[in-house]
Structures are given as C-alpha cells and as structure tokens.
Protein chains: 2
Amino acid sequence: MARGKKRVTIVDIAKLCGVSAKTVSRVLNGEPHVTDKIRDQVLATAKELKYQPNVVAQGLVSRRSYLIGLIYEKPSPSYVVDLQKGALERLHGERYRLIVLPVESVASDSEAVVKLLQATAVDGVLLAPPASDDSLILTELDELHIPFARISPTRLPEFGPSVAIDDIAAASEIAEHLIGLGHRRIGIIKGDATHAATEARLLGYAQAMARHGIPLNLDFVESGLFSFESGHDAALRLLKRPVRPTAILAQNDDMAAGAIAAARSLGIEVPRDLSVAGFDDSDIARVVWPALTTVRQPVEAMAHQAMDMLLATLAGDAPGPSAVHGHILQLRQSTAAPAST
Amino acid sequence: MARGKKRVTIVDIAKLCGVSAKTVSRVLNGEPHVTDKIRDQVLATAKELKYQPNVVAQGLVSRRSYLIGLIYEKPSPSYVVDLQKGALERLHGERYRLIVLPVESVASDSEAVVKLLQATAVDGVLLAPPASDDSLILTELDELHIPFARISPTRLPEFGPSVAIDDIAAASEIAEHLIGLGHRRIGIIKGDATHAATEARLLGYAQAMARHGIPLNLDFVESGLFSFESGHDAALRLLKRPVRPTAILAQNDDMAAGAIAAARSLGIEVPRDLSVAGFDDSDIARVVWPALTTVRQPVEAMAHQAMDMLLATLAGDAPGPSAVHGHILQLRQSTAAPAST
DNA sequence: TTGTAAGCGTTATCAC
DNA sequence: GTGATAACGCTTACAA
C-alpha cells in the first residue's frame with residue numbers, strides 16, 4: 001500500500017462526479033439502481049484516477065482479510081512449487097491473496113500452527129501434509145470457524161473437504177509393476193514417519209506383495225525423510241545387506257533419485273542390477289538418469305481443486321464432496337526385469 | 001479470520017475491565033501512562049478471552065496491509081524455494097506476511113505487474129529477476145511510493161537497494177576453469193533473453209575467453225529458457241554441429257542438466273568427451289550424474305538480506321548500501337580436461 | 001493517568 | 001435511483 005501520497009478513494013471520485021460515495025460504491029460493485037449516465041461517468045473517472053479499491057477497508061466492513069494461507073512442511077521444491085502453482089491458478093481473478101506458511105514441524109507443535117493462522121488472520125487455509133492429517137489442527141480450525149480444505153489426507157475423513165489420490169492403490173500398483181517384472185527381493189524406502197502417506201504407501205506395497213505371496217521383509221524396509229540425501233543414505237544401507245534387494249521402492253522421487261546415486265557409487269547399475277521406482281512424478285523424475293519409473297500424482301490439479309473447495313466454502317456454498325484424483329503409472333527407464341536371482 | 005461467532009475486540013475487554021477502549025489499546029501496545037493494576041487486569045482478560053488484534057482494522061488506521069509481495073517469473077523450483085526460504089526467514093517474528101506473486105511474463109506486460117501489486121495492496125515488494133531490472137516497474141513503484149528491494153539486478157543501479165552477485169566475474173571464473181583445463185571450443189547455452197543476467201554472464205564468458213585469445217564463436221552460442229528441456233534442446237543443437245564443442249557453459253544448472261542428458265542420448269560421455277558447467281549451484285547440481293561443476297549463488301542469503309533492506313525501508317530507516325554477495329566456484333565431476341583435440 | 005471524539009475507506013441500512 | 005448515516009475495530013489527537 002502506498003504511503004506518503006494519499007491514495008485515490010471513492011470519496012475523491014464521488015466529489016469529481018458530484019455524487020455520493022455510496023453511488024460510486026454501487027457502480028464499482030456492479031450493483032443495480034444507477035443511471036447508465038452516472039455509471040459511465042464514475043467508471044471513467046475511476047479509470048482516469050487509477051482508482052484501486054482499498055482491500056483493507058473492504059475487509060474491515062466484510063470482516064474478512066481476503067487472505068488464504070497455505071500450510072506445508074519442508075517438502076521437496078518441486079512439490080511446493082506445484083502446490084503453489086495450482087492454488088494460485090484458481091485464485092487468479094479472485095480478491096483473495098495467498099500467504100505461504102511453511103512450518104518447521106507440524107508434529108512437534110501443532111498448537112503453534114493454529115496460533116500462526118490466527119495471528120496471520122487468514123480467511124481460510126489450504127492444508128498440505130502432514131497438517132492435513134493433524135487432528136488437533138483440524139479440531140481447532142473447526143472450533144475457530146476457520147474454513148479449510150485438505151490436500152492428500154489419509155485419515156479422519158469426517159473433517160472438511162479434501163482432495164487426494166488413493167495412496168494405497170497407487171503404491172500397490174507400482175509394487176505390482178516390479179513384481180510383474182519378476183522382482184521378489186524388494187527393498188523399501190519409507191518417507192517421513194510424521195506423514196500419514198508414509199504408512200498408506202507402505203500398506204499399498206505390502207498388499208501387492210501379499211497378493212503374490214511375497215512376505216514383507218522388515219529387514220528390507222528403511223526410513224528416509226523424503227529428501228535426496230536421506231534416500232541416498234537409506235539405499236546405501238539396503239544395498240550393503242549381505243543379500244541385497246533387486247529392486248527398491250522409494251516413497252517419493254527425491255529419495256528414488258538418491259537411491260540411484262547410491263547404487264552408482266557402489267558400482268551397481270540401474271536398471272540392470274537394480275530397479276528403482278519413485279512416487280509423485282515430480283520434475284526430478286525426468287532429470288535423473290535413468291529416468292524414474294514412478295506414479296504420477298497431479299499435485300497442481302489437486303491444489304487447484306482444493307482451493308476451489310475452499311473458495312466455495314468462503315462464499316457460503318457447499319464445497320462439494322471430497323475428491324479422489326486418479327494416479328498414473330509412469331514407466332520409464334529405472335525399472336527392468338532382475339538379471340538373474 | 002473467523003466468521004460466524006463474533007471475535008473478541010478491545011471494546012469487549014474494555015467493558016469487562018471497566019475502562020475505556022483507548023486504555024486497553026494502550027496496554028496492548030505497551031504504551032506508558034497506565035497503572036500497573038489496570039495493565040495486569042487488561043492483560044489477564046485479554047488472555048482469558050483469547051483476544052487477537054484485528055490486523056485489518058489496525059491496517060486501516062496505519063494505512064498498511066502488513067503484506068510484502070515477492071515477484072518472480074517462472075524460474076526453476078529450487079530457485080523459487082530458496083528465494084522464499086530466505087525471505088521468510090527474515091520475516092520470522094515480524095508482523096509482515098509474505099504474498100507470493102509469480103507472473104507469467106514481466107517483459108510482455110510490466111504494467112500488469114504494477115497493477116497486481118497495487119491490487120494486492122502490499123506495503124513493499126521483493127523483486128526477483130527479471131522484474132528487478134525492469135525500468136518501467138522500478139519507475140512506477142517509485143512514483144507510487146511502494147518500497148522495494150531488488151534481487152540480482154544487473155543494471156539501473158540508481159533504483160533502490162539491491163542484493164546481487166557479480167554475474168560477470170562469476171561467469172568469467174567458471175569459463176576460466178574450463179579454459180584452464182585446456183578447452184578451446186566452448187559452447188554456450190544462454191538463458192532467457194528477457195533476463196539481464198543472461199547478457200552479463202555471456203559477457204563474463206567472453207571476457208575470460210578474450211583474455212586467452214579465444215574468439216567467441218557465435219555459432220557456438222545457443223539460447224535456452226533456463227529450463228531442463230530448453231537446455232537439452234540447445235545442447236542437442238550444439239552437439240550436432242559438424243565440429244562440436246569440447247565443453248558447454250550453461251547459464252544455469254537446469255540447462256546444464258539438460259545438456260548432460262542430451263550428451264548421453266548421443267552417446268557422448270561427460271566429462272570424458274564433453275565438459276558441462278552450470279550456474280547457481282541449485283539442488284539439481286548434486287542430483288544429476290556426473291554432479292555439476294557450477295558457481296554457487298547464495299540465493300537464500302541474498303533473499304534474506306533483500307528482505308532485511310526492505311524491512312528497514314518500511315521502518316523508515318536507511319536500507320543500507322546495495323550489497324554484492326560472493327560467489328564460489330564449485331568443482332564437481334562434470335568437467336575435465338578435453339580428451340584430445 | 002485516563003477518556004472522548006474523530007477518522008481510516010468501505011459497505012449496509014434505510015430514508016427520500 | 002440516490003444519498004445521509006452508521007458501522008466495521010482500531011489508533012491518533014486532544015481534552016480532562
């Protein structure tokens with residue numbers, strides 16, 4: 001907001017047009033009961049004076065801040081960017097603005113997240129994981145009557161509208177792909193334990209394996225934090241086992257990329273000696289070599305729809321039922337049949 | 001902002017304490033001239049009622065929105081994230097909030113950027129390239145008295161405080177590295193022409209080459225758009241020349257990663273048959289194989305400092321002189337001496 | 001030390 | 001159709 005020189009207000013326009021401020025307000029808001037002549041005149045002077053409505057003043061009357069918060073926790077860059085892109089896309093042309101609110105750790109202090117939202121005075125919130133699964137946050141937001149939409153929740157379906165994919169099915173599908181190629185010794189790199197998707201994806205892997213009579217060997221399950229480095233380290237641990245897996249399922253693409261790097265550092269060739277599959281189909285999947293077989297999660301479209309639901313709620317409409325987006329298996333070069341067992 | 005149930009206001013507190021709203025205001029703002037007894041009482045009831053000041057109402061009086069905008073144009077995810085991280089870091093504990101404002105194309109409609117900023121009613125702006133070099137935007141912001149800080153501008157030093165690296169020197173340095181390895185036929189992949197850094201970095205390359213008597217062969221200069229794909233395509237064009245370069249200087253890491261992929265698709269091995277160098281030292285530099293030799297630009301620290309300058313300006317203080325951050329040559333595995341010329 | 005009145009820019013209410 | 005008037009929640013200026 002410009003300080004110093006005074007901004008043009010509706011009163012200025014009113015004076016110049018010889019009408020009341022209310023009439024100007026009517027014109028600017030497209031309300032009826034104004035002569036075409038006056039309407040044109042007001043519109044013209046508004047344009048000439050480069051009038052910009054004062055959102056803050058509007059907000060004081062309407063008891064809104066026209067601010068929407070986006071809560072997420074240090075995820076991979078491409079995920080954040082897709083999230084923001086989708087949210088902003090839907091916001092285009094709306095009066096609402098997007099405030100980014102990355103938080104250090106939802107799990108360690110969800111109370112702080114709620115406080116942050118209150119202090120920021122947002123009209124509504126988009127909750128990305130793991131906040132979208134945090135019952136304390138959901139409960140408090142409900143109590144405070146702060147509308148929200150949830151992105152990729154995996155539980156507590158009774159809380160508010162949400163947009164997700166079927167993590168279990170998607171994970172199951174990519175595991176089936178590896179099994180179909182002939183893999184039996186499958187290593188798994190889990191994501192951050194505070195994200196509920198971690199459990200869901202593991203479950204999906206397990207289901208697929210169970211269908212084919214492959215026991216889930218806990219010795220072949222390692223944990224990462226959804227980052228390249230953590231995936232690299234976890235893969236190293238897996239690949240140094242006396243009997244090592246012929247394939248690795250990583251719970252996101254960054255960790256899968258790390259696994260490929262780890263394999264290379266050990267002289268293990270992907271996909272000849274080791275298949276690696278990711279999850280998300282983020283940018284990194286096409287950047288690494290070999291390009292990652294992964295399962296596509298339409299993050300941008302999901303964020304777009306979540307914002308749509310939130311805006312509907314803010315407008316007093318029904319947000320529509322929670323949506324489940326489809327996932328798509330992306331076959332690339334990082335997976336192949338095992339050499340010989 | 002919660003709707004429905006009415007929010008607690010200072011008037012509510014005032015009534016309960018039997019004092020005037022002004023007194024409550026004084027207490028809440030830490031102003032003097034209030035008895036300790038009343039102060040304690042007000043503070044207690046405020047806490048009990050979970051009072052949250054209405055930022056919108058405060059903003060109307062102070063003629064501020066307490067909103068800071070961050071303008072950038074579809075850069076690589078890791079760059080945006082670093083930018084946001086640095087800006088938010090500095091904002092921690094401040095009353096201001098960050099609004100992200102990615103724009104499609106600054107060059108094609110800088111007027112729209114200014115309008116966006118006005119409509120969003122930000123108190124100040126952080127301008128990332130190429131907006132930080134756009135004279136129309138800078139001029140208009142000056143006229144509108146909207147404070148700003150510039151990130152990585154390359155010209156128009158008379159406009160406002162800025163934080164940058166010496167693009168020419170950094171580019172020159174990485175070119176020197178290749179020349180020092182023995183490369184003479186050096187291909188160049190420029191970035192988006194609307195970014196002024198593109199020209200500066202090209203100049204840096206040229207200077208280094210000139211120092212060693214190597215003419216800048218325009219036939220060895222291709223243009224990209226700072227994206228992986230554009231780098232891939234540009235590299236393909238370079239590598240299909242009858243006489244191909246022994247090294248490629250890409251103006252950012254994403255394009256360098258694309259160049260490596262292009263080389264691989266042609267059966268050209270990096271760094272044995274081709275050296276590839278990037279710029280920025282973003283995440284992708286360590287993810288690709290071979291890891292990129294590049295020059296580190298401390299984006300996060302730069303954004304942090306730019307925000308610092310902006311906050312100083314908003315507080316009425318001098319923002320301090322424009323700063324030039326140091327760059328660091330990062331030697332990794334993507335560059336080596338040419339095989340044999 | 002405390003309170004009153006006015007105003008920030010806009011919209012809602014209700015006369016005219 | 002149009003315009004006073006009040007109100008949104010807070011702070012500033014001034015009075016008591």
Side-chain angles (χ1 to χ4, degrees), chain A residues 1-43 45-46 49-67 95 118-119 121 123 316, chain B residues 1-43 45-46 49-67 95 118-121 123:
Chain A
M1 196 171 359
R3 292 160 314 129
K5 238 183 289 181
K6 240 184 308 182
R7 254 176 78 149
V8 182
T9 72
I10 52 169
V11 178
D12 298 327
I13 300 179
K15 274 185 195 148
L16 256 77
C17 296
V19 296
S20 77
K22 177 68 222 186
T23 300
V24 176
S25 169
R26 268 191 271 261
V27 172
L28 264 20
N29 292 306
E31 287 171 32
H33 309 307
V34 187
T35 344
D36 282 354
K37 195 186 145 195
I38 293 186
R39 160 161 284 121
D40 292 346
Q41 191 192 353
V42 167
L43 252 26
T45 40
L49 265 50
K50 294 184 181 175
Y51 168 77
Q52 291 282 138
N54 184 327
V55 198
V56 176
Q58 291 178 323
L60 187 57
V61 177
S62 59
R63 292 146 167 281
R64 298 199 169 205
S65 62
Y66 294 105
L67 257 28
R95 200 185 292 193
Q118 279 190 281
D123 285 344
Chain B
M1 197 170 0
R3 293 158 314 129
K5 242 182 284 180
K6 238 186 306 184
R7 255 176 78 150
V8 181
T9 72
I10 52 169
V11 178
D12 298 326
I13 301 179
K15 275 184 194 151
L16 257 75
C17 296
V19 296
S20 77
K22 176 66 229 187
T23 300
V24 176
S25 169
R26 267 192 270 261
V27 172
L28 263 21
N29 292 307
E31 285 170 34
H33 309 307
V34 187
T35 342
D36 282 354
K37 195 185 146 196
I38 293 187
R39 161 161 282 121
D40 291 347
Q41 192 190 354
V42 167
L43 251 26
T45 40
L49 266 50
K50 293 186 182 173
Y51 168 77
Q52 292 281 138
N54 185 327
V55 197
V56 175
Q58 291 178 324
L60 188 57
V61 176
S62 60
R63 291 147 166 281
R64 296 201 170 205
S65 61
Y66 295 104
L67 258 27
R95 199 177 192 175
Q118 279 190 279
T120 315
D123 285 344

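First the proteins, then the strands, lettered A, B, ... as listed; each starts at 1. Worth saying up front: this structure is predicted, and the values here are computed from it rather than measured.
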To the nearest angstrom, the CZ-P distance between A:R64 and D:dG9 comes to 15 Å

One should read off an interatomic distance between A:I13 CD1 and A:S25 OG, to the nearest 0.5 angstrom, of 10.5 Å

Nearest of C:dT10, D:dG3, C:dA12 to any side-chain atom of A:V61? C:dT10

Taken to the nearest whole Å, CG/A:L28 to P/C:dG9 is 15 Å

Whether B:T9 contacts D:dG9 is assessed here as follows: a side-chain N or O lying under 4.0 Å from the phosphate OP1 or OP2. Is that the case? no

When you measure from the side chain of A:R7 to the backbone of A:P53, do you find a donor-acceptor pair of N or O atoms at a distance under 3.5 Å? yes

Could you state the atom-to-atom distance from CZ of A:R39 to C1' of D:dT2 in whole Å? 13 Å

Mapping B:Q58 and B:R26 onto DNA chain D by nearest heavy atom, which one lands closer to the 5' end? B:Q58

Check every strand shown and say whether A:P53 touches a base, only sugar-phosphate, or nothing at a heavy-atom separation below 4.0 Å. sugar-phosphate

Side chain of B:N54 only, heavy atoms from C-beta on: which candidate in C:dT11, D:dG9, C:dT10 is closest? D:dG9

Toward the 5' end of DNA chain D, which comes first, A:V34 or B:K22, by nearest nucleotide? A:V34

Side chain of B:R63: nearest nucleotide among C:dC8, C:dG3, D:dC8? C:dC8

Could you state the atom-to-atom distance from CZ of A:R95 to C1' of C:dG9 in whole Å? 13 Å

Phosphate OP1/OP2 of C:dT11 contacted by A:S25 side-chain N/O (<4.0 Å): yes

For residues A:D123 and A:R64, report the shortest heavy-atom separation together with the two atoms involved. OD2-CB, 3.3 Å

Considering just the side-chain nitrogens and oxygens of B:S20, establish if one lies under 4.0 Å of OP1 or OP2 belonging to C:dT2. no

Grab the CG-P distance between A:N29 and C:dT10 for me, whole Å please. 10 Å

Would you kindly give the CG-to-C1' distance between B:D36 and C:dT1, to the nearest whole Å? 12 Å

Per atom distances to the B:A57 side chain, the nearest of D:dC10, D:dG1, C:dG3 is D:dC10

Testing D:dG1, D:dC8, C:dC8 for proximity to the side chain of B:L60, the answer is C:dC8

Interatomic distance where CZ belongs to A:R7 and C1' belongs to C:dC8 [whole Å]: 12 Å

Result for 5'-nearest mapping on DNA chain C, choosing between B:T35 and A:Y51, is B:T35

Let me confirm one number: the CD-OG1 distance from A:E31 to A:T23, rounded to the nearest 0.5 Å. 10.0 Å

Check whether A:T35 reaches the backbone of A:K37 with its side chain - one donor and one acceptor, N or O, closer than 3.5 Å. no

Between atom CD in B:Q41 and atom C1' in C:dT1, what is the gap in whole Å? 15 Å

